[in-house]
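Notes for the one structure printed next.
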Amino acid sequence: MKNRLFTICLGLLLATGVNNVRAQVSYTPTVGNMATRRNFQDMKFGLFIHWGIYGILGDGEWVMHEKKIPYDSYKRLATFFNPQEFNAKEWVAFAKKAGMKYITITSRHHDGFSMFGTKMSPYNIVDATPYHKDPLMELAKECEKEGIELHFYYSLLDWGRADYAFGSPIVDGKPVNGDWDSYIKFMKDQLTELITKYPGVKGIWFDGDWERKEVNWHYNEIYGLIHKLNPSIMVGNNHHLAPKDGEDFQMFEKDLPGNNTTGFSADSKIGTLPLETCETINNSWGFNINDRHFKTSKQIIHYLVNAAGRNANFLLNIGPMPNGKIQSEFTDTLAIVGAWVKKNGEAIYGTRGSTVPPQDWGVMTVKGNNQYVHITTVPQVPYIFIPQLKQTVTKAIVLGTGASVKFKQQPEGVFIYTAGLPIDANDTIVKLTAN
Ligand code: FHN
């Protein structure tokens, strides 16, 4: 009886239309999904790739919208998008060399162009460009071969499709000038292709929810479909809100969890799901020929360390060039980052954030009985103080050399003495054994 009442109430709710907050109802992740989540948290460092036909204009992925290029004119870009230099092997090798364990790539961005061979629209890289090949299939196969996990970014927002009807008023959860049912079906069909055709996919990264706050995105059906097709796949949504039912990880954009320098995170309270934060290597997501605001290897390492200390993965974005090559500024910087991660990976991979909150001097990560003290800002005084450490420290050494480090534990916390400590310009790591 109780169950029937619940079903009736749910039916009524579903019939009311506006359900931006509604997602997969009462979702319980499978054992396989929980394993994907754990592995995701262990990986810590991923490569985000924004790549599309907009790259030809060298002005980022929003160029169509920002330069007010009519959709039909913009579509011409497809007829000369021909990334002959694309080589999945090179991309995967580049990610591995940087110490990254997974790749999240745009399968379709807001311009609506599908960068994969879809049967659901002719506006895709195989059918609409002279390239006639599917780079995402090549990437998926190479990732699988090389043990790199693959996630697909998928835009909910579409500037061009008539059924999406960008700019249309929304009434009763639908755009009045579009065909919302058709658009939802289109997305489900494409997601089915992405999940069933491409080997090894472990995540779907939605974006664009924020464009239509009052629409019914049918997340209950979309998330339900993904988990039905492959229960182990992690669903995440860059809606800039607290996680919804049916989601498997929570993401932050251009901000560490808990910060809100961009204004995107005002409503995204940190939940209990695995966390990820994404940031650009320069100031652009898609290829931007004019953007020379390259982050240094030190800034990238600090972002990675600070994310790990806040229990989050770091997804670092690059925008490859329209010929399929990755520009040398990115490969050079990430080779340095990779060398650092190779040396210090013990304190990053497989760790979790500490109960000790971020301090002026840096952050801490934890793995089993080990606590890693990441000193990213060496203090003026010859010590750092770790407050609130509940465990008893039995040993303190420099990570890598094993040289012992002087420390003193008191009821209110632990002092680590930094005099004579070999300082790493990026991050001086002290490994504590603590029970
Ligand atoms: O509009 C997009 C943008 O192009 C890019 O894809 C980023 C990645 O986090 N997300 C959106 C803005 O929230």
Side-chain angles (χ1 to χ4, degrees), residues 20 45-69 74 77 100 102-116 136 151-161 164 166-167 187 190 194 203-213 215 217 234-244 247 249-257 259-268 274-291 293 295 300 303 307 312-320 322 330:
N20 190 34
F45 195 19
L47 177 67
F48 206 0
I49 302 179
H50 275 66
W51 195 43
I53 56 173
Y54 44 77
I56 294 173
L57 300 177
D59 199 10
E61 76 293 352
W62 272 70
V63 63
M64 171 183 160
H65 188 263
E66 280 172 0
K67 293 273 153 65
K68 300 193 173 37
I69 305 173
Y74 181 86
L77 291 176
M100 291 151 164
Y102 65 107
I103 293 177
T104 304
I105 185 164
T106 46
S107 60
R108 179 171 144 271
H109 204 265
H110 311 334
D111 64 355
F113 186 77
S114 298
M115 287 294 285
F116 65 104
L136 297 203
H151 295 196
F152 285 132
Y153 169 109
Y154 190 83
S155 178
L156 297 156
L157 154 64
D158 191 305
W159 290 322
R161 284 181 64 97
Y164 185 88
F166 180 65
M187 290 202 293
Q190 281 210 318
L194 288 169
I204 300 290
W205 207 104
F206 287 106
D207 199 3
D209 166 290
W210 36 264
E211 201 267 321
R212 286 183 164 170
K213 290 285 175 209
V215 91
W217 286 110
M234 292 179 57
V235 172
N237 193 326
N238 189 30
H239 42 48
H240 307 152
L241 302 166
K244 299 175 190 214
E247 294 172 4
F249 68 107
Q250 182 179 8
M251 57 187 72
F252 298 84
E253 180 175 340
K254 290 180 96 55
D255 255 318
L256 292 164
N259 293 355
N260 184 23
T261 59
T262 53
F264 294 146
S265 304
D267 300 319
S268 54
L275 309 176
E276 180 191 72
T277 179
C278 59
E279 178 53 290
T280 47
I281 195 165
N282 48 5
N283 282 346
S284 313
W285 297 102
F287 175 60
N288 188 326
I289 203 157
N290 255 331
D291 185 348
H293 299 281
K295 293 187 179 60
I300 293 167
Y303 215 99
N313 286 14
F314 179 35
L315 185 64
L316 175 67
N317 182 80
I318 59 155
F330 301 168

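None of the values given here were measured: they were computed from a predicted structure. Indexing begins at 1, ligand by ligand and atom by atom, following the structure's order.
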Which residue holds the protein heavy atom closest to atom 3 (C) of ligand 1, what is that atom called, and what is the gap in Å?
-> Glu61 OE2, 3.4 Å
Under 4.0 Å from any heavy atom of His109, which atoms of ligand 1 are there?
-> 3 (C), 4 (O), 5 (C), 6 (O)
Would you check if the side chain of Ser107 reaches a backbone N or O of Tyr153 as a donor-acceptor pair within less than 3.5 Å?
-> yes
Distance-only side-chain donor-acceptor flag, His239 / Glu247, under 3.5 Å = yes
Examine the side chains of Asp207 and Trp210 and answer whether a donor and an acceptor come within less than 3.5 Å of each other.
-> yes
Proximal atoms of ligand 1 relative to Trp62 (non-hydrogen, under 4.0 Å) | 1 (O), 2 (C), 3 (C), 4 (O)
Enumerate the atoms of ligand 1 whose separation from the nearest heavy atom of Tyr153 is less than 4.0 angstrom.
-> 6 (O)
For ligand 1, does Trp210 get within less than 4.0 Å through its side chain, its backbone, both, or neither, judged by non-hydrogen atoms?
-> side chain
For His240, the ligand 1 atoms with a heavy-atom partner under 4.0 Å come out as 13 (O)
Cys278: numbered ligand 1 atoms lying under 4.0 Å from its heavy atoms = 9 (O)
In terms of side-chain heavy atoms, does Lys254 have a donor or acceptor partner in Thr280 at a distance below 3.5 Å?
-> yes
Report yes or no: do Tyr74 and Asp111 form a side-chain donor-acceptor pair below 3.5 Å?
-> yes
Note the single closest protein heavy atom to atom 13 (O) of ligand 1, along with its residue, its atom name and the distance in Å.
-> Glu253 OE1, 2.6 Å
Would a distance-only check, ignoring hydrogens and angles, find a side-chain to backbone donor-acceptor pair under 3.5 Å from Asp255 to Thr262?
-> yes
With heavy atoms of Trp205 as the reference, note each atom of ligand 1 found under 4.0 Å away.
-> 9 (O)
Trp159 vs His109 aromatic rings, parallel, tilted or perpendicular, using cut-offs 30° and 60°?
-> perpendicular
Compare all side-chain heavy atoms of Met187 with those of Asp158 and state whether any distance is below 4.5 angstrom.
-> no
For atom 5 (C) of ligand 1, which protein heavy atom lies nearest, and how many Å away is it?
-> His50 NE2, 3.4 Å
What do you reckon, does His110 put a non-hydrogen atom under 4.0 Å from ligand 1?
-> yes
The answer for which part of Asn238 has a heavy atom under 4.0 Å from ligand 1 is side chain
Would you call the rings of His50 and Phe48 parallel, tilted or perpendicular, where under 30° means parallel and over 60° means perpendicular?
-> perpendicular
Which of the ligand 1 atoms, numbered from 1, are nearer than 4.0 Å to a heavy atom of Asp207 = 2 (C), 5 (C), 6 (O), 7 (C), 8 (C), 10 (N), 11 (C), 13 (O)
